[in-house]
Amino acid sequence: MKRVILSLVALAAAVTMAAQVRPQSNHTVSTTLGLGLEYGFEWAFAGQATVIGRVGYASKDFLLRSSLDNFQWSTTMAPMVTLEPRYYFLMNWRDAHGKYTRGNSAEFFSVPTTLTLAKDAKGIGELAVSPVLGVRRAFATHWFHEFTAGADLLCLPRFIATPRIGYRIGFLF
C-alpha cells in the first residue's frame, strides 16, 4: 500500500512539472498611444499561439514635432479592423521563476494585419502588415499594457516600410 501511495505521489509530481503554462482566451477594450478605442478578442488555440481580432476607431498615424519653442503632436483617426496572430514565449520561464502570467503576461512575436477603412467611398483605405516583438504585462485585477517595436509594411495602396513603436493599455475580461 505504501508503494502505491508513493507511486501516485511521484506520478502527480511528474505530471505537474510537465504541465506548461498556456495563454488564455480573453476579451479586451483598449486604446493605443495615439488615442481611439478598440474591442478585441484573443483566442488561445494551440500551445503558445493565439489569434487576436480587433475592431474599433483608432489612430492611423501619430506624428510628433518639436522645435526649440514649441511641441506639437497630431493623429489621424479612422475605423480599423485588425487580425493578429501572436506567439508567446518565455511564459513557462516566467511561471517557473514565480513571475505573473495571468492575462498572458509574457513576451511575444506577432504579425498584425490592419485594414484601415477609407473615410469616403473611393476605396478600401490602407492595408498594413507589421511584424513586431512585444512585451505584455497584466496588472491590478483586469488591466494590461503592452509595448511593441517592429516595422510597418504598408501594402496598399503602395509598399512603404517604416519603423513602428507602439503602446497599448486596456481593460481585460
Side-chain angles (χ1 to χ4, degrees), residues 20-66 71-95 99-119 123-139 143-172:
Q20 291 187 348
V21 177
R22 298 188 184 277
Q24 305 149 354
S25 296
N26 56 58
H27 298 268
T28 60
V29 175
S30 63
T31 186
T32 56
L33 189 61
L35 304 176
L37 192 63
E38 291 180 292
Y39 165 77
F41 176 69
E42 183 171 13
W43 176 48
F45 66 93
Q48 302 294 326
T50 65
V51 172
I52 302 172
R54 284 193 197 96
V55 295
Y57 200 71
S59 60
K60 184 175 84 167
D61 50 26
F62 184 71
L63 181 63
L64 290 172
R65 283 189 216 123
S66 178
F71 176 80
Q72 299 174 340
W73 72 275
S74 63
T75 186
T76 305
M77 304 293 286
M80 292 188 181
V81 177
T82 302
L83 185 65
E84 179 179 349
R86 188 177 274 195
Y87 178 79
Y88 288 97
F89 56 96
L90 297 181
M91 192 173 268
N92 290 327
W93 181 89
R94 289 182 56 77
D95 184 58
K99 305 286 185 183
Y100 202 56
T101 59
R102 187 189 64 77
N104 301 338
S105 291
E107 289 70 16
F108 61 87
F109 172 75
S110 69
V111 185
T113 302
T114 304
L115 175 64
T116 304
L117 303 175
K119 292 185 178 182
I124 63 166
E126 295 177 349
L127 180 67
V129 177
S130 310
V132 295
L133 282 174
V135 175
R136 181 177 191 167
R137 295 293 184 261
F139 60 95
W143 294 93
F144 76 96
H145 62 115
E146 56 190 43
F147 177 77
T148 56
D152 272 345
L153 307 175
L154 186 63
C155 298
L156 291 175
R158 62 191 185 283
F159 179 80
I160 300 173
T162 58
R164 173 184 177 149
I165 295 176
Y167 180 76
R168 176 179 299 278
I169 187 166
F171 187 76
L172 180 71

request  = Just jot down the salt bridge (Lys or Arg N to Asp or Glu O under 4.0 Å) partners of E42, sequence neighbours excluded, or say none.
outcome  = R136
request  = Please examine the side chains of T32 and R168, heavy atoms only from C-beta on, and report whether any two atoms are closer than 4.5 Å.
outcome  = yes
key: Partner of N26 under side-chain contact (heavy atoms from CB on, under 4.5 Å), chosen from N104, I52, T50   = N104
task = Would you give the length of the straight line joining atom CD of E38 to atom CE of M80, rounded to the nearest 0.5 angstrom?
result = 7.0 Å
remark   = For F41, the side-chain contact (heavy atoms from CB on, under 4.5 Å) test, sequence neighbours excluded, returns S25, H27, Y39, W43
query = Shortest non-hydrogen contact from P23 to A44?
reply = O-CB, 3.4 Å
remark   = Nearest heavy-atom approach of F139 to F144 is CE2-C, 3.7 Å
ask   = Can you say whether the rings of W143 and F171 are parallel (under 30°), tilted (30 to 60°) or perpendicular (over 60°)?
value = perpendicular
ask   = Do you know which of T114, D152, L153 makes side-chain contact (heavy atoms from CB on, under 4.5 Å) with S130?
value = D152
request  = Answer yes or no: does atom CD1 of I160 have more than 12 heavy-atom neighbours from other residues, nucleotides or ligands under 6.0 Å?
outcome  = yes
inquiry  = To check you understand the geometry: which heavy-atom pair defines the closest contact between A138 and G103, and what is its length?
reply    = CB-CA, 4.2 Å
query = Rounded to the nearest 0.5 Å, how far apart are CD of E146 and CD of E107?
reply = 12.0 Å
note = Nearest heavy-atom contact between Y100 and S105 is O-CB, 3.4 Å
message = Please report the interatomic distance CG(L37) to OG(S30), rounded to the nearest 0.5 Å.
response = 7.5 Å
remark   = To the nearest 0.5 Å, atom CD of Q24 lies from atom OG1 of T101 at 6.5 Å
ask   = Does the side chain of N92 come within less than 4.5 Å of Q48's, by heavy atoms?
value = yes
remark   = Sequence neighbours excluded, the answer for side-chain contact (heavy atoms from CB on, under 4.5 Å) partners of L115 is L117, I124, L127
query = Between atom OH of Y88 and atom CZ of F108, what is the distance when rounded to the nearest 0.5 Å?
reply = 6.0 Å
message = Please give me the minimum heavy-atom distance between A106 and M91, naming the atom from each residue.
response = CB-CE, 3.9 Å
message = Please report the interatomic distance NE2(H145) to OG1(T31), rounded to the nearest 0.5 Å.
response = 14.5 Å
task = State whether the side chain of T116 and the backbone N or O of G125 hold a donor-acceptor pair below 3.5 Å, judged by distance alone.
result = no
query = Which pair of non-hydrogen atoms, one from T82 and one from P112, has the smallest distance, and what is that distance?
reply = CG2-CB, 4.0 Å
ask   = So do F109 and V111 actually touch side chain to side chain, heavy atoms under 4.5 Å?
value = yes
